[in-house]
Amino acid sequence: MHEIFNESVRKMEQRLAQATAELIKELYDEEPATDKIIIQKTRNEFKGDFTIVTFPIARFSKKSPEQTANELGEKLAERLEAIAGFNVIKGFLNLELSNDFWLDFVKNERNNADFGLAKDLEVEVPVVIEYSSPNTNKPLHLGHVRNNLIGYSIANILEADGYNTAKVNLVNDRGIHICKSMLAWQKWGEGETPEQAGMKGDHLIGKYYVMFDMAYKQQVNEMTQQGKSEEEAKKNAPLLLEAQELLKKWEAGDNETVALWRKMNDWAYKGFDKTYKRLGVDFDKIYYESDTYLLGRNIVREGLEKGILFKKEDGSVWADFSEEGLDEKLLLRSDGTSVYMTQDLGTAVLRYSDYNPHEMIYVVGNEQIYHFDVLSRLLKKLGYQWYGKVKHLSYGMVELPEGKMKSREGTVVDADDLMEEMITRAKETTQELGKIEGLTAEQAEKLYHTIGMGALKYFILKVDPQKNMTFNPEESIDLNGNTGPFIQYAHARIKSVMRKAKEKGASDEFTTIPSIHPREKVILKRLYDFRIVVKQASKNYSPALIANYAYELVREFNQFYQEVSILSAETPEQVGFRLSLSELTAGVIRNAMGLLGIEVPERM
RNA sequence: GGUCCCGUAGCUCAGUUGGAUAGAGCGACGGCCUUCUAAGCCGUAGGACCCAGGUUCGAAUCCUGGCGGGAUCACCA
């Protein structure tokens, strides 16, 4: 039953468009292209529900847009039962739907917990989404947070749009950067473990990475002072040579090196797991670069044998893209070790055979646009027909009000610290406002977490992924205005009304009401839109569309809440309708926020 | 320099198949708690939508050319 109703609602615009097309044929004997019939939601400042823009149609009617609108309005009102009236302003034909249309909508959806979330798969094979992709040489920072939140949310949104998804993580657990941390630990660590240091493992490794970097820079400095060029110093600093030696030993499978590598990576994984858990993200599968780089290396060697790739005199292997207007791209170093592209090639091929996916999405920062362009071209060159399925979902950098985060200057915002701070802030505010009355200590802690993380996630996700964003710590911990807690609060208030209704024995049942309040109509139109917004968000890979939708909905509901009494409405029928409307609103808030990975509390 | 992204209120951002008078939040100022949670609501002030052309009934939105900012073009990842 729901499905049938859903279909008819979803198709309201289509029905209007079709009827309009038929009328144009009858009245003016023209068959316009579908893009000439424009149906949109009527703006709130005008009376009506849907609007037909008649400027383009005037060319067929050979009358003024206004006359055309009147003519179409009359005929449409005659033909479609759902249309109760219309008005015309300039070339805009505003159609007013019957109250019953909206009342039926509410009746049918108020108890549908999955409103707006697809139940049927449109595509069987999964969309594989890679996100997070940490390096194991340092802890996660604010940039990773944005990455994780976007990736997790996009997966939710695609699921809501009827796709099957697989969330995967690719851990960059090998390479020169890890060797730097390893080397520093070997030299100066004196066997220190996370337990001894009282640090999360990822943070401990980060500490040694910083140590390496400082010592390395000092060496470079000394060498340049001794008259060497900076380039030469950077290339030949003893510490770097040692790290490179370690990488070679690692790739050769040297026991001691591999054992150290394993130990330190385990520390990192344990640390990451905690961060992911707190952040509320998860993965269906984890790929390790240490597994896939060999595959990549084999593919490169094959390509070399087939003559698709070429080798330079020093033994390094390259792909030539000069005919496509790009450069040559290194795939294997002269010492035979792998680079980033090598393993990404192997991972892509492995992943494709693992999933036979509909698409492979990579959530990776926009500084790697070129890298993914090359990856796709490389796959094509090597004969993988599915190269077009590789999609790079690039997102902008996160900057601080003072500018970019610089690890050198210690301005990198650590993910764990950040979450801690947000939750603490939520706790302070909640206690100040005296909102924990009647909660157990455990419930209160849960609430602080929900609010703090809600604030953080919303703050980041409300910005279009493509754009660079400024992370202002002051603003991010604000819990008023266009924020996550603002939306959570609206949900909690609705739930509170529901509890009061239950106490009073008020029912959400109703058959009909004499009129729909303008504040109610605004909400109804917004709720009706949810499914379309989910589709748009999916198509555009944009959690921001969902976030902004939720905000608009809540703002409109708050206006209604302020101006119109729900439980003290004139008649039980009115109460029933308003309760139903509120219930449906709460459900949409919950589902929308759920798509962003944000929980909504029952009370706050 | 080549390629890509961005440019909307003092600040942070919406505005997406081109549509009506360009909207929010923060900040500033002024109101609203004997009534469902004031983490809320209402009002005032604040705009050459970077600039110049073009496309058309109509452009913040599309096209071209500038200007400004960012990214990238490594035997880094």
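Because the structure is predicted, anything quoted here is derived from the model rather than measured. Just so we're on the same page: letters track the sequence lines, and every chain starts at 1.
Spacing between atom OH of Y287(A) and atom P of rA77(B) amounts to 22 Å, rounded to whole angstrom units. Rounded to a whole Å, the CG atom of L326(A) is 12 Å from the C1' atom of rC4(B). Put simply, CD1 on I369(A) is 16 Å from C1' on rA77(B), counting in whole angstrom units. Residue E367(A) contributes atom CD, which lies 10 Å from atom P of rC73(B) at whole-angstrom precision. Taking atom CG on N147(A) and atom C1' on rA77(B), their separation rounds to 14 Å, with Å as the unit.
Using a 4.0 Å heavy-atom distance criterion, V564(A) is classed as a base contact. Among the heavy atoms of the strands lying under 4.0 Å from A492(A) is at least one base atom, whether or not backbone atoms are also near. Using a 4.0 Å heavy-atom cutoff across all strands shown, M604(A) reaches at least one base atom of the nucleic acid. Residue contacts for Y551(A): at a heavy-atom cut-off of 4.0 Å it reaches the sugar-phosphate backbone alone, with no base atom in range. Within the nucleic acid shown, V463(A) comes within 4.0 Å of sugar-phosphate atoms alone, with no base atom in reach, counting heavy atoms only. Residue contacts for P56(A): at a heavy-atom cut-off of 4.0 Å it reaches a base atom on one of the strands shown. Residue contacts shown for I38(A) include a base, since a base heavy atom lies under 4.0 Å away. Counting non-hydrogen atoms under 4.0 angstrom, E552(A) reaches nothing in the nucleic acid.
Atom CD of E437(A) sits in a sparse spot, with 12 or fewer heavy atoms from other residues, nucleotides or ligands closer than 6.0 Å.
Nearer to the 5' terminus of RNA chain B, by closest-nucleotide assignment, is the contact made by N482(A) (compared with the other of S565(A) and N482(A)). Both S542(A) and T470(A) lie near RNA chain B, and the one whose nearest nucleotide falls closer to the 5' end is T470(A).
Contact annotation: K435(A) side-chain N/O to rA38(B) OP1/OP2 distance is not under 4.0 Å. Residue K467(A) places no side-chain N or O under 4.0 Å from the OP1 or OP2 atom of rC5(B). Within the structure, a side-chain polar atom (N or O) of K500(A) is placed less than 4.0 Å from OP1 or OP2 of rU37(B). Phosphate contact (OP1/OP2 of rC57(B), side-chain N/O of R59(A), threshold under 4.0 Å): present. One finds no side-chain N or O of Y370(A) lying less than 4.0 angstrom from the OP1 or OP2 phosphate oxygen of rU72(B). Regarding contacts with the backbone of rA77(B), every side-chain N or O of N172(A) stays at 4.0 angstrom or more from both OP1 and OP2.
Each of R425(A), K427(A), Q431(A) was evaluated against Y448(A); a single residue qualifies, Q431(A), per the side-chain hydrogen bond (donor to acceptor under 3.5 Å, both in side chains) test.
The gap from the C1' atom of rG47(B) to that of rG15(B) amounts to 14 Å, rounded to the nearest Å. Between rC41(B) and rA9(B), the distance separating the two C1' atoms is 23 Å to the nearest Å. Using C1' as the reference atom, rC67(B) and rC29(B) are 37 Å apart when rounded to the nearest Å. Straight-line distance between the C1' atoms of rG54(B) and rA45(B): roughly 37 Å, to the nearest whole Å. Using P as the reference atom, rG23(B) and rG46(B) are 15 Å apart when rounded to the nearest Å. When the C1' atom is compared between rG27(B) and rC36(B), the two are found 32 Å apart, to the nearest whole Å. Of the P atoms belonging to rC63(B) and rG25(B), the separation is 32 Å, rounded to the nearest Å. Between the C1' atoms of rG10(B) and rU17(B), the separation comes to 35 Å (whole Å).
Within residues 130-140 of chain A, the residues approached by RNA chain B to less than 4.0 Å at the level of any non-hydrogen atom are N135(A), in residue-number order.
Closest approach to the H177(A) side chain among rA14(B), rA20(B), rA77(B) is made by rA77(B) (side chain taken as heavy atoms from C-beta onward). Candidate nucleotides rA20(B), rC41(B), rU72(B) were compared by shortest atom distance to the side chain of R555(A), and rC41(B) ranks first. Residue Q562(A) has its side chain nearest to rC41(B) when only rC36(B), rA77(B), rC41(B) are considered. Here rA20(B) is the nucleotide among rA20(B), rC13(B), rC36(B) with the atom lying nearest to any side-chain atom of F92(A). The side chain of Q40(A) sits closest to rG19(B) out of rU72(B), rU37(B), rG19(B). Of the listed nucleotides (rU21(B), rC42(B), rU37(B)), rC42(B) has the atom at the smallest distance from the side chain of Q559(A). With distances taken from any side-chain atom of N548(A) to the nucleotides rC36(B), rC41(B), rA14(B), the minimum falls on rA14(B). Minimum atom distance to the side chain of Q466(A) is reached by rC5(B), of the listed rU72(B), rC5(B), rU12(B). For N480(A), counting side-chain heavy atoms from C-beta on, the closest listed nucleotide (rA20(B), rU12(B), rG40(B)) is rG40(B). The side chain of T51(A) lies closest to rA20(B), out of rC11(B), rA77(B), rA20(B).
Contact annotation: side chain of N94(A) to base of rA20(B), donor-acceptor pair present below 3.5 Å. Within 3.5 Å, a donor on the side chain of T430(A) pairs with an acceptor on the base of rA39(B), or the reverse. For N540(A) against rU16(B), a side-chain N or O and a base N or O form a donor-acceptor pair under 3.5 Å. Side-chain atoms of K539(A) and base atoms of rU16(B) include no donor and acceptor less than 3.5 Å apart.
Comment: E30(A) does not engage R59(A) in a salt bridge, judged by the lack of any side-chain N to carboxylate O separation of less than 4.0 angstrom. Ion pairing between a basic and an acidic side chain is recognised when a charged N comes within 4.0 Å of a carboxylate O; R297(A) and E251(A) show such pairing. A salt bridge links E552(A) and R555(A); the closest N-O separation between the charged side-chain nitrogens and carboxylate oxygens is under 4.0 Å. Using a 4.0 Å cut-off between charged side-chain N and carboxylate O, D529(A) and K525(A) make no salt bridge. In this structure, R499(A) does not pair ionically with E503(A), as no charged nitrogen and carboxylate oxygen lie closer than 4.0 Å.
Not less than 6.0 angstrom separates the ring centroid of Y288(A) from the ring centroid of W261(A). Ring pair Y489(A)/F486(A): centre-to-centre distance not below 6.0 Å.
Of all non-hydrogen atoms in A490(A) and N558(A), the two that sit nearest each other are CB-OD1, 4.0 Å.
Under the 90° criterion around 0 for the glycosidic angle, rC6(B) counts as anti.
Here CG of N148(A) is found 7.5 Å from CG of N169(A). Values are rounded to the nearest 0.5 Å.
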Starting from the C-alpha separation in whole Å, work towards a yes-or-no answer on side chain to side chain contact (heavy atoms under 4.5 Å, CB included) for V88(A) and F86(A).
CA-CA 7 Å; V88(A) 174; F86(A) 69 93; 4.1 Å; yes
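rG40(B) has no stacking from F486(A) on its base ring, since the centres under 5.5 angstrom apart and planes within 30 degrees of parallel are not both found.
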